[in-house]
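Residue numbering restarts at 1 for every chain, and letters A, B, ... go by the order of the sequence lines. Only heavy atoms go into these numbers, but all of them, side chains included; no hydrogens, no water, no symmetry mates. Just so it is clear, the structure is predicted and the values come from calculations on it, not from any experiment.
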Amino acid sequence: MANATERLNERYNPREQEPFWQRIWSDRGTFTVTDPDPKDPYYVLEMFPYPSGRIHMGHVRNYTMGDVVARYQRAMGKTVLHPMGWDAFGMPAENAAMANKVHPRAWTYENIASMRKQLQSMGFSLDWSREFATCDEDYYHRQQELFIDFLEAGLVTRKTSKVNWDPVDQTVLANEQVIDGRGWRSGALVEQRELTQWFFKISDFAEELLTAIDGLDNWPEKVRLMQRNWIGRSEGLKILFEIAERKTGAKTVEVFTTRPDTLFGASFIALSPDHPLAGELAKSDEALAGFIADCRRMGTSAEVIEKAEKKGFATGLQVNHPVIDGARLPVYVANFVLMDYGTGAIFGCPAHDQRDLEFANAYGLPVLPVVLPPDADAESFVIDKEAYTGPGTAFNSGFLDGLEVEAAKDAIAARLEARTIDGKPQAVRQINYRLRDWGVSRQRYWGCPIPVIHCDTCGVVPVPKADLPVRLPEDVEFDTPGNPLDRHALFRDVECPECGAKARRETDTMDTFVDSSWYFARFTAPKADTPVIPEVANKWLPVDQYIGGIEHAILHLLYSRFFTRAMKQCGHLDVAEPFKGLFTQGMVTHETYKDANGAWVAPADVVISAEGGDRTAKHATTGEVISIGSIEKMSKSKKNVVDPDEMIETYGADTARWFVLSDSPPERDVQWTEAGIEGAWRFVQRVWKLVSDAVFVLETPNDVLVADDAASQEMLKASHRAVAQIGADFAALRFNRSVAQVYELTNAISRFLPQVAQEPSLTRLKALRVSVEHLVQMIAPMMPHLAESCWAALGHKTLVCDTPWPKVDQSYLVDDVVVLAVQVNGKRRGEISVPADASNGQIENAALSLDAVVRILEGQAPKKVIVVPKRIVNVVA
RNA sequence: GCGGGCGUGGUGGAAUGGUAGACACACAGGACUUAAAAUCCUGAGAGGGUAUCCUCGUGCGGGUUCGAGUCCCGCCGCCCGCACCA
């Protein structure tokens, strides 16, 4: 080892140190979990990445957070499972194939190789021996087994659903490929098409998925709320309306409503354009057929449909009002009524539903209020531009008059249930869910083939498990749009496994959400020749801490919750919930820059200078003036991306890790700044210098006697407090606070160190060693390489990552004197120092004798004195 | 459109309903240096008094409370999701 004086002048060199420690961790298999029966298992997982080719700062942030949790839990004595893999199927590979004539497989695996290298340079404590990609034959083989298990368990169904159809490219488009109603490549107006597709019956689990949210108490409340709303349980009434003049085959229209109490205020019926009755009427009504065709040019996403201008078409058909004798309601077809929800038909009560009101105003339909707000007057209450949706009592409503909303719902339900129409009860109480079944069919090549065969005589036949996997053929062409599997005769044309007749293989592949709905389970036994090994999976699952983006708050997490239940039903697992703890992190943002022509400029090409506080930007090479724009999520299109590779190259992984953990609360967006990364770099150097200086001092002889040891006491207090605080913050994933605590501890040691150097008593040297070792252990989960280097410099032969978390001495955490703020009428006027065990009376006396308090009270007795122990005193004058 | 979230100094942010601005970045002044970088020290929410005192202050407008950044109601702005992007 070099001598200490020499080391003082040495800067920390991450380029040397980081690969050195990474090699040691890897050679020793430090993070590889082999124990089939682990003690104190702890499973930490970050959402696995799509292999786009390069990691971005969002990945760095996500995986750094997970790594801190993993390393902290290891230090706490847990056996930590921390795996990594690749969400490797999906559209970008096919797009690359079309654009660059590369095979999706080659493109994907090349991307994986370069991203793996990048991730490895970050020094994450990952068990790389468990790595897999969802496009690995071995993985999708097991997924096909699961599909067949689900099929046999009745969890899978086939039904029709709508897709975006590009009439020029003759292909199905994803929602993101539809831009302003047109196909992204062809520019053709998109049409809706009905296709028969495969569905997982997630809606069978709606109630279970909803109620189980209550038990997910380590999930963010916002995500639980979003999932509840997404499932959208509503209690309502299904009402039959009798068609007044029979111009149709149907005698009735069935309507679902959650507000049957407003039935007396109904002024129209609206059908979805996809409603069978609408279709029937359109056969003899060209204008209606035209209207429906217009609606079908809208795309299939709920967002597009609901944002579109509300339009309706009067069919001329009328229905009898169920409870107002002789009254009839017109039947419209309306573009905002969704066939997927309820019965695909609604009754409109404009006074008490905003959308209905706008529709009624547009088409001149009557607006009759039937719910009277608590303080309103029945004579003068009118509805103008705002529908009233609050509580109240029924009026203008015949036998319902005077009833509160809930009572009125019951009364109308009871009345209609008792009647029959067309041989059926006129109304049925029903619980309805917004959640729809999960359509998993994709008309694409680069996905997991759906393992079934269609036979004219035997129908749908699952591929026998012995014949799995159904492999993706290699020899495919991407010259023409559409699914190459569909054109691949060898893949498509097969014999029926049951009767041996000519049959057709399913050419749809699975939604990539299927791949990511069970990968966390596969990680527990990644090489098993069954999807999972139940005993092993049950030991590790549920994932103790799952970390990923808020953008997955609903779909991915809900699908995974469903999949885990489905796997349980098929005997693969014994747990229902996949993720015990969930944390959703924010995005990484950066300033945007534009040149004089309005073109985006990358941060790497911009030089910022700050004079007095005004920041100006110039182009690094041309010197052109650059305008500084808003802060946005890093994206290729706006060029405001920072390449983690360059950061690691310049500053090292620890600096990048430290930066993404600093400042911003992890659930919020973090802004990447050059100043910030330099600050992080300086801190890395500062820690190294501090530890080097401390090592030098610790090596000095300790024969000086110092009587007053207050400094050591203060140092140890700060040190133990930091350990307690940082541990709590790591456990709660409040990394920004851990960072601030580390700064404080570093500052405290920096102040203490010269005192020790001056008078190196045994007590002081001990306190110094304890504090510096604590510091190194505190930074170890965040900056693991630097921590190992410091740990070695302190003379340890062990790895800091194998060292247990320090024990907190509780006696250092209590104060014997506390400072209380004193307020008068809620405004701070001073403070008092009192013993921690002072009585409320003593505190009150001390507060009232403060000069500022005496002055403001002007001799008057206070009305009240509120003493909050260890917090505050408020004098009410 | 619907559902969810966020909004605090020049900047990122801290704050179980209890001293708003911890910690950091940037900035300014000083020390060291031939000089610079690095490092160290000091200062700072705004306005006034220029002392250690006063007023205002957490997107805007109300409310609850002894006390509100925090809870409630109504706005404004930004962000996420909306079922075939992953």
Do you know which of W198(A), F199(A), F200(A) makes ring-ring contact (aromatic ring centres under 6.0 Å, His included) with W438(A)?
F200(A)
I'd like the P distance from A68(B) over to G5(B), given in whole Å.
24 Å
Regarding E744(A), tell me which of base, sugar-phosphate or nothing describes its non-hydrogen contacts under 4.0 Å with the strands shown.
sugar-phosphate
Can you tell me the distance, in whole Å, between the CG atom of L557(A) and the C1' atom of G3(B)?
16 Å
Among A22(B), A86(B), C84(B), the nucleotide that comes nearest once only the side chain of Q443(A) is considered:
C84(B)
G-U wobble or Watson-Crick pairing nucleotide for U55(B) (cut-off 3.5 Å, both distances):
A46(B)
Rounded to the Å, how far apart are E667(A) CD and G4(B) C1'?
15 Å
Which nucleotide sits closest to the side chain of N874(A): G18(B), C53(B), A14(B)?
G18(B)
Closest to side chain of K222(A), choosing from U19(B), G4(B), C85(B)
G4(B)
Taking the minimum atom-to-atom distance to the side chain of S664(A), which one of G12(B), G1(B), A83(B) wins?
G12(B)
Between P of U19(B) and CZ of R871(A), the distance in whole Å
7 Å
Over 60° means perpendicular and under 30° means parallel, so tell me whether F683(A) and W658(A) are parallel, tilted or perpendicular.
parallel
Using the C1' atom as the point on both nucleotides, what is the distance between G63(B) and G81(B), in whole Å?
32 Å
Using the P atom as the point on both nucleotides, what is the distance between G74(B) and G67(B), in whole Å?
24 Å
May I ask you to say what L820(A) touches in the nucleic acid, namely base, sugar-phosphate or nothing, with a heavy-atom cut-off under 4.0 Å?
nothing
Indicate whether OP1 or OP2 belonging to C54(B) is found under 4.0 Å from a side-chain N or O atom of R855(A).
yes
Between A86(B), U19(B), G13(B), which nucleotide gets closest to the side-chain atoms of N736(A)?
G13(B)
What's L225(A) touching, base or sugar-phosphate or nothing? Going by heavy atoms closer than 4.0 Å.
sugar-phosphate
What I want to check is whether an N or O donor and acceptor connect the side chain of D663(A) with the base of G12(B) at under 3.5 Å.
yes
Side-chain atoms of R668(A) come closest, of G18(B), G13(B), U55(B), to G13(B)
Quickly work out the Y559(A) OH to G81(B) C1' distance and round it to whole Å.
12 Å
Rounded to whole angstrom units, what separation is found between the NE2 atom of H552(A) and the C1' atom of G5(B)?
17 Å
Where does G10(B) fall, syn or anti, if syn means a chi angle no more than 90° from 0?
anti
Let's see if you can work this out: which of A86(B), A14(B), G18(B) has an atom nearest to the side-chain heavy atoms of P665(A)?
A14(B)
Roughly how many Å is it from NZ in K827(A) to C1' in U19(B), rounded to a whole number?
14 Å
Criterion side-chain contact (heavy atoms from CB on, under 4.5 Å) on Q170(A) and W165(A), from CA distance to verdict:
CA-CA 7 Å; Q170(A) 294 283 300; W165(A) 180 256; 3.8 Å; yes
Suppose we define a pair by two distances each less than 3.5 Å, Watson-Crick or G-U wobble; what does G74(B) pair with here?
C60(B)
Given Y139(A), which partner from the list Y519(A), W86(A), W518(A) fulfils the ring-ring contact (aromatic ring centres under 6.0 Å, His included) test?
W518(A)
Select base, sugar-phosphate, or nothing to describe what R686(A) touches, counting heavy atoms under 4.0 Å on all strands.
sugar-phosphate
Does any donor-acceptor pair link the side chain of N175(A) with the base of C84(B) at a separation under 3.5 Å?
no
Base, sugar-phosphate or nothing for N747(A)? Non-hydrogen atoms, less than 4.0 Å.
sugar-phosphate
Identify whether any heavy atom of A302(A) sits under 4.0 Å from a base atom; if not, whether one sits that close to sugar-phosphate; answer base, sugar-phosphate or nothing.
sugar-phosphate
Between L558(A) and I202(A), is a side-chain contact (heavy atoms from CB on, under 4.5 Å) present by the stated rule, with each step listed?
CA-CA 9 Å; L558(A) 196 60; I202(A) 189 172; 4.3 Å; yes
If U39(B) has a Watson-Crick or G-U wobble mate with both distances under 3.5 Å, name it; if not, just say none.
A31(B)
Across all strands, who's sitting opposite C2(B) as a Watson-Crick or G-U wobble pair, both distances under 3.5 Å?
G81(B)
Pair of N/O donor and acceptor under 3.5 Å linking C66(B) base with Q823(A) side chain
no
Closest listed nucleotide, where the reference is the side chain of W230(A) and the choices are C84(B), C80(B), C82(B)
C82(B)
From CZ of R61(A) across to C1' of G12(B) the rounded distance in Å is 11 Å
Please say which of R158(A), K159(A), K201(A) ends up in a salt bridge (Lys or Arg N to Asp or Glu O under 4.0 Å) with D437(A).
K159(A)
Please state the P separation for the pair C25(B) and U42(B) - nearest whole angstrom.
14 Å
In whole angstrom, give the distance that lies between atom CD1 of I554(A) and atom C1' of C85(B).
15 Å
From the options A83(B), C6(B), C23(B), select the nucleotide whose nearest atom is closest to the side chain of Y743(A).
C23(B)
Would you please say whether a donor-acceptor pair under 3.5 Å links the side chains of D87(A) and S516(A)?
no
Worked check of side-chain contact (heavy atoms from CB on, under 4.5 Å) between T584(A) and W219(A)
CA-CA 9 Å; T584(A) 54; W219(A) 280 39; over 6 Å; no
Counting heavy atoms from C-beta on, name the nucleotide in A86(B), U39(B), A83(B) closest to the side chain of F513(A).
A86(B)
Assigned partner base of C23(B), Watson-Crick or wobble definition, under 3.5 Å:
G12(B)
Presence of R434(A) side-chain N/O under 4.0 Å of G3(B) phosphate oxygens OP1/OP2
no
